[in-house]
There are 2 protein chains.
Amino acid sequence: MIRVFIIDDHPMVIEGIKSLLTQSSVAEICGSAQTGSTALEALKSMEAEIALVDINLPDLSGIELCGMLKKQFPKIKVLGLSTFKERSYITRMIGAGASGYLLKNATREELEDAITAAWRGQLYMSLEAAAILTKPAPDTPDLPLLTAREKEILLLIAEGMTNQEIAEKLFISPLTVDSHRKNLLAKFGVKNTAAMVRFAIEFKLIEY
Amino acid sequence: MIRVFIIDDHPMVIEGIKSLLTQSSVAEICGSAQTGSTALEALKSMEAEIALVDINLPDLSGIELCGMLKKQFPKIKVLGLSTFKERSYITRMIGAGASGYLLKNATREELEDAITAAWRGQLYMSLEAAAILTKPAPDTPDLPLLTAREKEILLLIAEGMTNQEIAEKLFISPLTVDSHRKNLLAKFGVKNTAAMVRFAIEFKLIEY
DNA sequence: ATTTTTCTACCTGAAAAAGGGGATTTTGCA
DNA sequence: TGCAAAATCCCCTTTTTCAGGTAGAAAAAT
């Protein structure tokens, strides 16, 4: 029997999962907690194999908690659990090391499949969550078209180079760099470099 | 038979996949390309169901190409293919809408499993890739510990607010904001705001 | 060939940030 | 209570960026 620990701030969710798994031949509940910190403490004296982690906890986000769980209890596999169908939650949870993601409308069968897959070292994604991930991303707002030179200079700005440094690197005048910088500010509709860098990363115009 | 299009800059990889799938009862190769742009063009006049996309192409990254494929051909499921075992490639590929990720050492069976799962709308992750994702993240470099106030001010800086604006928002002196800003620069080991914002996003100290 | 876009360069001055210090008060914790 | 850390505030100077333009040459598109 795979030992499962539940972390959710809603007691009725905890009870619901317990009820679903009561007659499971696959998994048994070894404990539960309503906050991330309580869970971290409880898991120190408990042999859990799987943690079902709600994305929204009162003290920590599920994403943060997942990272902490993986670090402190590397043997435990984490499954994210949420009502949220947001692709960014899913990808961040996976990025944090989760072995899967379930929506809270999961059937007992899906729960068991997820727990079993995670326990085997597989990545489990419910059909519904997979559909969210694999559908085309929503149309991003029309992004400004940057010239090649603007892109080049944007990268260098984001590395922290001053106009003078960039000018020396590209064999142009610092005044020219300044002109490009102003064009970038105008195209992004922002008023300074901080916002420019953030915009560029947010809209994947540069990588980090 | 599931129609599969291969995109890889190495002809020997394309041939290898073709060879593996020659006697497949599941999939058939309907075409191939060595660059992203060639693939996008070819797929306009081709009924492919699955695209196997190499992460490193000469013209586009596999991640970019995945996004473009999902946008222009929403019906096509994308599977990432790489020698790279880097978690960030995997998560970014999934974030771009891929239905799975395979390493180039995959067996015919794994290839077929991936293609079938993707075709069914599931997310496929090879055992090896899943292991990379679900193992505890490598120890990040020791990140600077920020005080609560520093975090607060970092967020506002990254939104593009000036010291004066932040001071008014927090009911403190602009000089205080400046002090925190200097502390942040020192803690991050960077010399200006552009690099500060980038560092903060890169190391997930702020979100965007 | 013409038009449009991009790149380059410049001007001036104000605003903002960065550098390099310093100090006092407040807060949290043992 | 005492101590360390955090928060707050200050000084002065220099550097850098931003605002708000202008304009010509080169490259690209038509």
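Chain letters run A, B, ... following the sequence lines, proteins first, then strands; residues in each count from 1.
Within 4.0 Å (heavy atoms only), A:Asp178 reaches at least one base atom of the nucleic acid.
For the pair B:Ser82 and B:Tyr101, the tightest heavy-atom approach, listed with the atom from each and the gap, is CB-OH, 3.3 Å.
Residue A:Thr162 has no polar side-chain atom (N or O) positioned under 4.0 Å from OP1 or OP2 of D:dT15. Considering only side-chain N and O atoms, A:Asn192 lies nowhere under 4.0 angstrom from the phosphate OP1 or OP2 of C:dA16.
Within residues 167-175 of chain A, the residues that place at least one heavy atom under 4.0 Å from DNA chain C are, in residue-number order, A:Ile172, A:Ser173, A:Leu175.
In this structure, the NZ atom of B:Lys182 is 16 Å from the P atom of C:dA16, given to the nearest Å. Between B:Asn163 atom CG and C:dA15 atom C1' there is a gap of 11 Å when expressed in whole angstrom units. One can place NE2 of B:His180 at 16 Å from C1' of C:dA17, the figure rounded to the nearest angstrom. Protein atom CZ of A:Arg181 is 20 Å distant from nucleotide atom P of C:dT6, rounded to whole Å. Spacing between atom CD1 of A:Ile153 and atom C1' of C:dC7 amounts to 9 Å, rounded to whole angstrom units. In this entry the distance linking CG of A:Leu146 with C1' of C:dC7 reads 15 Å, nearest Å. Spacing between atom CD of A:Glu152 and atom C1' of C:dT8 amounts to 14 Å, rounded to whole angstrom units. Rounded to whole Å, atom P of D:dT16 lies 12 Å from atom CD1 of A:Ile166.
Open room surrounds NZ on A:Lys85; 12 or fewer heavy atoms of other groups in view lie less than 6.0 Å from it.
Mapping A:Thr176 and A:Lys187 onto DNA chain C via the closest heavy atom, the residue that lands nearer the 5' end is A:Lys187. Residue order along DNA chain D, read from the 5' end via each residue's closest nucleotide, puts B:Asn183 first among A:Lys191 and B:Asn183.
Out of D:dT17, C:dA18, D:dA7, the shortest distance to the side chain of B:Arg149 is found at D:dA7.
Residue-to-nucleotide contacts include a donor-acceptor pair under 3.5 Å from the side chain of A:Ser179 to the base of C:dA9.
Counting heavy atoms from C-beta outward, A:Glu128 and A:Leu102 have side chains that stay 4.5 Å or more apart.
Between the B:Lys187 side chain and the B:Leu145 main chain, a donor and an acceptor come within less than 3.5 Å of each other. Counting only distance, with no hydrogens or angles, the side chain of A:Arg87 and the backbone of A:Leu133 share a donor-acceptor pair below 3.5 Å. The backbone N or O of A:Glu15 lies less than 3.5 Å from no partner atom in the side chain of A:Ser19, so there is not a single donor-acceptor pair.
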Verdict with reasoning, B:Lys169 to B:Glu159, per salt bridge (charged side-chain N to carboxylate O under 4.0 Å, His left out): CA-CA 13 Å; B:Lys169 184 181 174 73; B:Glu159 282 174 23; over 6 Å; no
